[in-house]
S.K.: 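Structure below; questions to follow.
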Amino acid sequence: MNRAYDPQTIEPRWQKIWDEEKAFTATDDYSKPKYYALVEFPYPSGQGLHVGHPRPYTALDIVARKRRLEGYNVLYPMGWDAFGLPTENYAIKNHIHPRIVTQRNVARFTAQLKALGYSFDWDREINTTDPGYYHWTQWIFLQLFKKGLAYKAEMPINWCTNCKVGLANEEVVNGVCERCGGEVVRKVKSQWMLKITEYADKLLEGLDHVDYIERVKTSQRNWIGRSTGAEVDFALENTGDSLRVFTTRPDTLFGATYMVVSPEHPVIEKYAGRIRNLEEVRAYQEAAARKSDFERAELAKEKTGVCLEGLRAINPVTGASIPLWVSDYVLMSYGTGAIMAVPAHDERDWEFAKKFGLPIVEVVAGGNVEEAAFTDTASGKLVNSGFLNGLDVADAKKTIIAWLSANGLGKEKVNFKLRDWVFSRQRYWGEPIPIVKCETCGYVALPESELPLLLPEVDSYMPTDTGESPLSAMTDWVSTTCPCCGGPAARETDTMPQWAGSSWYFLRYLDPHNDKELASREALAYWMPVDWYNGGMEHTTLHLLYSRFWHHFLYDEGVVPCPEPYQKRTSHGMILGENGEKMSKSRGNVINPDDIVREFGADTLRTYEMFIGAFDLSASWSTEGVRGCRKFLERVWKLQEILTEEEGYSAALETKMHQTVRKVSQDFEAMKFNTAIAAMMTAVNEFYRVGKVTRGEFGTLLRLLDPVAPHICEELWQACGFEGRLYRQTWPTYEEEKTKEKTVEIALQMNGKIRGTLEIPADLPREEVLTAAKKALAARLEGLTVVKEIYVPGRIVNLVVRG
RNA sequence: GCGGACGUGGUGGAAUGGCAGACACGGUGGUCUUAGGAGCCACUGCUUCGGCGUGCGGGUUCAAAUCCCGCCGUCCGCACCA
C-alpha cells in the first residue's frame, strides 16, 4: 500500500493494461454521442519526438479522457505524415530506401508516444505513405482533375538550387529554401496546379460558421486577401488596343498620371516594335528575371523602372495622354500585372513619381500631396475630378464604377491575393500523380480501378540535373498506353507535395481499412466534423487552408456531409529552451522527452507541460519546474497515508471540493490547464492542512487529475480499493449551491483605498454589511461625511467620504 | 511599412472592472538527520513603515493590471497584393 511512488514501474504496466483492454478504442456504436478530438499528425523525423510534441497531444488527451468519462464515444487518433524531403534527403545520403527510413522513424515515434500514455486509438493508425492510404489521395486528385480543378500550367516557380526542386511560395523563407537554406531562383516549368482560387469565397465565408481562435481566422482571411475595386481599360494610343488594370481606388481615376506594367507583362512583347528604347527595356526585364522574389521585395529598396518610349495610353476620364513605364514593383501575379498610377494617393506610386519626375495630381483633398501621398479614404472630398467633385471617397467609387460600366470601360471587380496551388514536386518520395500524357488525347486520368498507382522502385532518389523527378529515368514505368485511345503514352513523373496527404487524413481515421472508398458514408455522417482540432501556429495558414479547400470540394462532390471539416481550432505555443531561445541542436538547448520520462516519469512530463504557462503562448523549459510537478505527484501519492475510511466529503472541505470540481471542469474546457492544475495543488495542500482525506475526496481528486496524469491516478484508484477501472468512471459533478462559502472576508475601502477587512456571513443583507463596515472604520470616519456607499456582495465595501 | 500577440516580484505565471502577486520555482531561517541536493514548518514585491507598486504619460470610474487615448519596448506573421 505505502510503496514509494515509482513511475518507471507503474507507467508501463498501465499502458499494457489499457492496450489489452482496448480502453480507448472508438466504437462503431453510432447511437452514442460522438466526440472527435484531433491533433496534427507528426512528420516522423529522424530526430524522434521533441518536447514540443507532448504539449498539444497532452492537451487534447485531457479533453478526450474527460469526454470519455462524460459518456461520449470518443475518437482520438494518431498517424504519420510520412512523405517529405528530410526522409528523402536522408535516403539519398545514406543509400537507404525512404520506406525503410520511414519505418524506422515511425517505430521510434510510436514507442515514444506510447510511453507517454496517450489514449490514442492505435487501431486506426494511418500512414500517408501506405499505398492503401495514398490510393485515396490519388483518388481525390482525380476528382479534382475531372472537375477541371487540376490543370497543367507553365509557371515561374521557386527553384531551390540545392534540393533541385520546385517550392511553393510559402516554402521560401527570406529568399532561401525553408528546408535546406539553399539559394532559390525563378525558373519556368510546367506544373500541376490546383484551382484553390475557385474556392476563395467559400473558404472566406466558411470562417463565419466555425469556432476558430480569432488570430487563426485573421491569418486565413489575410492569406485569401479579398479586395474589392474595379477593372479599368486604358486605350493604348494609335493601336486600337487597350490595357486593363485592377484598382481598389477607381475614385482616383482623374489622378492617374501614368501607368506601370510588370517586367513580364505581355504588352511589352506585343508592341516591342514601337518601343524606341527597347534595348534598355530588355535589359531591365532581364535584370528583374534574375532577381529572386526576395530581392524584388526587399525592404526599403529604391524603386526602379524604365519608360516605354513610343507607347502611351489615354486616361479614360480625362482623355489625357499618359506614359507607360515598366517596373518590378508591379507583380505579374496579382491583378492584371498592370496598374494605373495615382501618385497623389498611393505611397508606392508617389515614391516612383518623385524619383522619375512624373506629375502628381491631387484628386482627394485633405493632405499635402507634394509632401506625401494622401491615402485616407474616410475624410477627403474629391477635387479636380469633373463629375466626381465634392463626393466623398465611397460615393465617388460607386459613381465612377457606374460610369465605367455604362461606357464599357470597366466594371466592379473582386481580387484575391490567394493564388492557385502549385501541386507538382520533382521528387521521388511523394504520391505519384495518376495521370498519363498521350500524344493524341493530352492529359488523361488513370482509371480509378488502377489506383493506387504505386511508387516504383528506383535506383537513385536523386532528382536529375534537368530538374525532372527521379521517376523520369524509369523508362519502363513511364512508358504506358493511353487509357483513352490505347496509343503510346507517358506517365506523369512529378509527385504530389507533402501537403496532399495531410489535406484529408482526418477523414481516413474514420474508416482506415476501407478499400472501397476513402471512408464509409455512415462513418462520415456520424463522426464529421472534427469537434476540436489543435495544431501549431505554423500550420494555421497553409495546411488549414488546403485541407479546408479539399473538404469543401468533397462536400460539393457529395462525398462528405459538411462543408467545413473542423468545428473548433485552437493553437498551442512553442516550448523554448531554458535560455528562452528556440530549441535546436546548434544552440545546444534541446531537451529530449525520453530523458524526462526516464528521470521523472510520463505523468510528470505531462503535468509539467500543462502547468508551464498559458497554453497558447510560448514558454521556456525549466528543469526546476519539472521537479516541482514531480513533487506534486509525490504529494498526491502520499495522500494514501492520511486516507480515511469515510465516504463522501468531510464537512470542512465540502465547499472546497465543489469549488475544485467546478474550477477544473471549466478550466479544462477553456484550455486553462495551468490554473486547473493549480486548483488541484491547492486541494492537495488543503488535505494536508486538515490532516486527512476521505475516500470521497480522494476519489474525486483522482478523477479530476486522471486526464493529466493517468498512470498514477489509475494506480492509486486500484491500490486504494476503489472499484473497477478509473478510465471507466464518470466525470465528477458539482452543485453550484455548494460552491458558495458560508462566511466571506470582504475588503473595506474608503475612497477606493483599502482600509481593512471584515469577516461576515455571505448572505448578510446590504444594510447590515454597511453598518458593520462603518462600525469597523469608525475611528477613520470621525469628522467625515459618507456621501456614497458601494457594496459588491462577497467582495468589497467602498465608502466615498468628504470632509 | 502592415497585421497580430505581449509587457505584472529574483523566475514561470494568477487575477479581464472589486483585497494585485493564486499556484509553483528559486531564496532565507528552522526542524529531523551519521548526512541532506529528501521530507516537514515558517518567512519571502518594495518601503525611510507615512506609504508605493502591474512598461511610460494622460483619461473614464466610488473603484483600473483589466476599459479609452497617446507613447515606448519585445516577440511572431506578412512583406511593393495596386
Side-chain angles (χ1 to χ4, degrees), chain A residues 170 173-174 214-216 218-219 221-223 225-227 229 245-250 252 256 259-260 262 293-294 296-301 303 327-331 333-342 345-349 351-352 415-419 537-538 540-541 573-574 576 578 580 608 611-614 616-629 631-632 634-635 638 663 672 674-685 688 745-758 786-801:
Chain A
E170 39 284 13
V173 176
N174 293 336
E214 206 47 45
R215 58 184 169 142
V216 171
T218 304
S219 64
R221 290 195 183 104
N222 289 346
W223 197 266
R226 186 181 201 271
S227 55
V245 301
F246 171 73
T247 176
T248 54
R249 294 294 306 276
T252 62
M259 297 181 81
V260 188
S262 85
D293 268 353
F294 178 65
R296 271 179 75 152
E298 223 171 335
L299 185 72
K301 189 192 61 149
K303 295 262 183 297
S327 172
D328 63 7
Y329 85 89
V330 174
L331 309 174
S333 50
Y334 183 77
T336 64
I339 62 157
M340 65 177 212
V342 184
H345 305 290
D346 181 282
E347 281 169 23
R348 294 151 302 179
D349 298 345
E351 197 188 321
F352 193 81
N415 245 323
F416 296 92
K417 281 192 211 173
L418 185 69
R419 327 243 173 101
M537 273 314 282
E538 70 275 20
T540 53
T541 39
M574 242 192 314
L576 307 170
E578 296 213 55
Y608 173 66
F611 189 62
I612 192 168
D616 57 337
L617 300 179
S618 57
S620 301
W621 187 265
S622 156
T623 301
E624 293 306 330
V626 178
R627 249 184 265 285
C629 288
K631 197 168 127 184
F632 165 61
E634 297 270 6
R635 279 166 69 76
K638 286 197 202 134
K663 176 81 177 152
K672 293 166 79 170
N674 52 341
T675 50
I677 292 168
M680 290 187 272
M681 286 173 169
T682 307
V684 169
N685 291 345
Y688 281 107
E745 191 190 61
I746 61 166
L748 302 181
Q749 293 186 338
M750 283 170 60
N751 290 345
K753 298 259 185 231
I754 297 299
R755 286 293 176 259
T757 59
L758 189 62
V786 176
V787 295
K788 194 170 179 182
E789 298 166 339
I790 290 123
Y791 172 49
V792 181
R795 296 279 189 182
I796 209 163
V797 167
N798 189 12
L799 301 176
V800 185
V801 297

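What you see is a predicted model; the values in this text were computed from it and never measured.
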S.K.: I need the NZ-P distance between A/Lys663 and B/A14, as an integer number of Å.
M.R.: 10 Å
S.K.: Given the C1' atoms of B/C69 and B/A14, what is the spacing between them in whole Å?
M.R.: 28 Å
S.K.: Given B/G18, B/G39, B/A82, identify the nucleotide with an atom nearest to the side chain of A/Thr247.
M.R.: B/A82
S.K.: Quickly work out the A/Leu617 CG to B/G7 C1' distance and round it to whole Å.
M.R.: 12 Å
S.K.: Determine the minimum heavy-atom distance between A/Ala679 and A/Lys663, stating which atoms define it.
M.R.: CB-CG, 3.6 Å
S.K.: I want to confirm an ordering. Mapping A/Thr541 and A/Ala747 to their closest nucleotides on RNA chain B, which one lands closer to the 5' end?
M.R.: A/Ala747
S.K.: Could you give the OH-to-C1' distance, from A/Tyr688 to B/C41, as a whole number of Å?
M.R.: 15 Å
S.K.: Can you tell whether the side chains of A/Arg627 and A/Glu624 come within less than 4.0 Å, N to carboxylate O?
M.R.: yes
S.K.: When you compare B/G1 with B/G51, how far apart are their C1' atoms, in angstrom units rounded to a whole number?
M.R.: 46 Å
S.K.: Of all the nucleotides listed (B/A14, B/G18, B/C80), which has the minimum atom distance to the side chain of A/Val792?
M.R.: B/G18
S.K.: Is A/Ile612 touching bases, backbone alone, or none of the nucleic acid, heavy atoms closer than 4.0 Å?
M.R.: sugar-phosphate
S.K.: Can you check the distance between B/C71 and B/G3, where both ends of the measurement are the P atom (answer in whole Å)?
M.R.: 13 Å
S.K.: Please give the distance between the P atoms of B/A15 and B/G77 as a whole number of Å.
M.R.: 27 Å
S.K.: Calculate the interatomic distance between A/Ile796 atom CD1 and B/A64 atom C1'; express it in whole Å.
M.R.: 12 Å
S.K.: Distance check: side-chain N/O of A/Lys672 vs OP1/OP2 of B/A15, anything under 4.0 Å?
M.R.: yes
S.K.: Measure from CE on A/Met750 to C1' on B/C62 and round the result to the nearest Å.
M.R.: 13 Å
S.K.: To check you understand the geometry: which heavy-atom pair defines the closest contact between A/Arg249 and A/His345, and what is its length?
M.R.: NH1-O, 4.1 Å
S.K.: Give, for atom OG1 of A/Thr540 and atom CZ of A/Arg215, the distance between the pair rounded to the nearest 0.5 Å.
M.R.: 8.0 Å
S.K.: I'd like the C1' distance from B/C41 over to B/C52, given in whole Å.
M.R.: 32 Å
S.K.: Over how many whole Å does the gap from A/Met537 atom CE to B/C6 atom C1' extend?
M.R.: 14 Å
S.K.: In whole angstrom, give the distance that lies between atom CH2 of A/Trp621 and atom C1' of B/G13.
M.R.: 17 Å
S.K.: With a 4.0 Å cut-off on heavy atoms, is A/Thr682 in touch with a base, just the backbone sugar-phosphate, or nothing at all?
M.R.: sugar-phosphate
S.K.: Report the glycosidic orientation of B/G9: syn if within 90° of 0, anti in every other case.
M.R.: syn
S.K.: What nucleotide among B/A82, B/G4, B/A24 has an atom nearest to a side-chain atom of A/Val330?
M.R.: B/A82
S.K.: Would you mind classifying the nucleic acid contact of A/Arg221 as base, sugar-phosphate or nothing, using non-hydrogen atoms under 4.0 angstrom?
M.R.: nothing
S.K.: Indicate, with a heavy-atom threshold strictly under 4.0 Å, whether A/Asn674 touches base, sugar-phosphate, or nothing.
M.R.: sugar-phosphate
S.K.: Regarding A/Asn685, tell me which of base, sugar-phosphate or nothing describes its non-hydrogen contacts under 4.0 Å with the strands shown.
M.R.: sugar-phosphate
S.K.: Applying the Watson-Crick and G-U wobble criteria at under 3.5 Å, what pairs with B/C78? Answer none if nothing qualifies.
M.R.: B/G1
S.K.: Using whole Å, report how far CD of A/Glu634 lies from P of B/A38.
M.R.: 12 Å
S.K.: Taking atom CD1 of A/Ile754 and atom CG of A/Asn798, what is their separation to the nearest 0.5 Å?
M.R.: 8.5 Å
S.K.: Base, sugar-phosphate alone, or nothing: which one does A/Ser227 contact when heavy atoms must sit under 4.0 Å apart?
M.R.: sugar-phosphate
S.K.: Using the C1' atom as the point on both nucleotides, what is the distance between B/G26 and B/G9, in whole Å?
M.R.: 12 Å
S.K.: Base, sugar-phosphate, or nothing: which does A/Phe611 touch, judged by heavy atoms less than 4.0 Å apart?
M.R.: base
S.K.: Looking only at side-chain atoms of A/Arg635, point me to the closest of B/A82, B/C40, B/A14.
M.R.: B/C40
S.K.: Would you classify A/Asn798 as touching base, sugar-phosphate or nothing, given that sugar-phosphate means primed atoms plus P, OP1 and OP2, and contacts are heavy atoms under 4.0 Å?
M.R.: base
S.K.: So what does A/Ile754 touch, heavy atoms closer than 4.0 Å: a base, only the sugar-phosphate, or nothing?
M.R.: sugar-phosphate
S.K.: Side chain of A/Trp223, heavy atoms from C-beta onward: which of B/C52, B/C78, B/G39 has the nearest atom to it?
M.R.: B/C78
S.K.: Select one nucleotide: of B/C40, B/A22, B/C19, the one nearest the side-chain heavy atoms of A/Gln749.
M.R.: B/C19
S.K.: Counting the atoms with a prime plus P, OP1 and OP2 as sugar-phosphate, which does A/Ala614 contact under 4.0 Å by heavy atoms, base, sugar-phosphate, or nothing?
M.R.: sugar-phosphate
S.K.: Is any side-chain N or O of A/Glu745 under 3.5 Å from a base N or O of B/C19, one able to act as donor and the other as acceptor?
M.R.: yes
S.K.: On RNA chain B, compare the nucleotides closest to A/Ala678 and A/Gly613; which residue's is nearer the 5' end?
M.R.: A/Gly613
S.K.: Which label fits B/G51, syn or anti, where anti is any glycosidic angle not within 90° of 0?
M.R.: anti
S.K.: CD of A/Glu347: more than 12 outside heavy atoms within 6.0 angstrom?
M.R.: no
S.K.: Determine which nucleotide pairs with B/G10, using a 3.5 Å limit on both distances of a Watson-Crick or G-U wobble pair.
M.R.: B/C25
S.K.: Just checking A/Arg795: does its CZ atom have more than 12 heavy atoms from other residues, nucleotides or ligands closer to it than 6.0 angstrom?
M.R.: no
S.K.: Of the nucleotides B/C25, B/C80, B/G18, which one has an atom closest to the side chain of A/Glu624?
M.R.: B/C25
S.K.: Does B/C40 have OP1 or OP2 sitting under 4.0 Å from an N or O in the side chain of A/Lys638?
M.R.: no
S.K.: Can you label the angle between the A/Phe352 ring and the A/Tyr329 ring as parallel, tilted or perpendicular, going by 30° and 60°?
M.R.: tilted
S.K.: Using atom C1' in both nucleotides, what's the gap between B/U11 and B/G27 to the nearest angstrom?
M.R.: 11 Å
S.K.: Over all strands shown, is A/Gly628 touching base, sugar-phosphate only, or nothing at heavy-atom distances under 4.0 angstrom?
M.R.: sugar-phosphate
S.K.: Hey, does A/Thr248 reach any base, or is it just sugar-phosphate, or nothing, if we go heavy atoms under 4.0 Å?
M.R.: sugar-phosphate
S.K.: Taking the P atom in each of B/A35 and B/C25, what is the distance between them to the nearest angstrom?
M.R.: 26 Å
S.K.: Evaluate the side-chain proximity of A/Ile796 to A/Ile746: yes if any heavy-atom separation is below 4.5 Å, no if none is.
M.R.: no
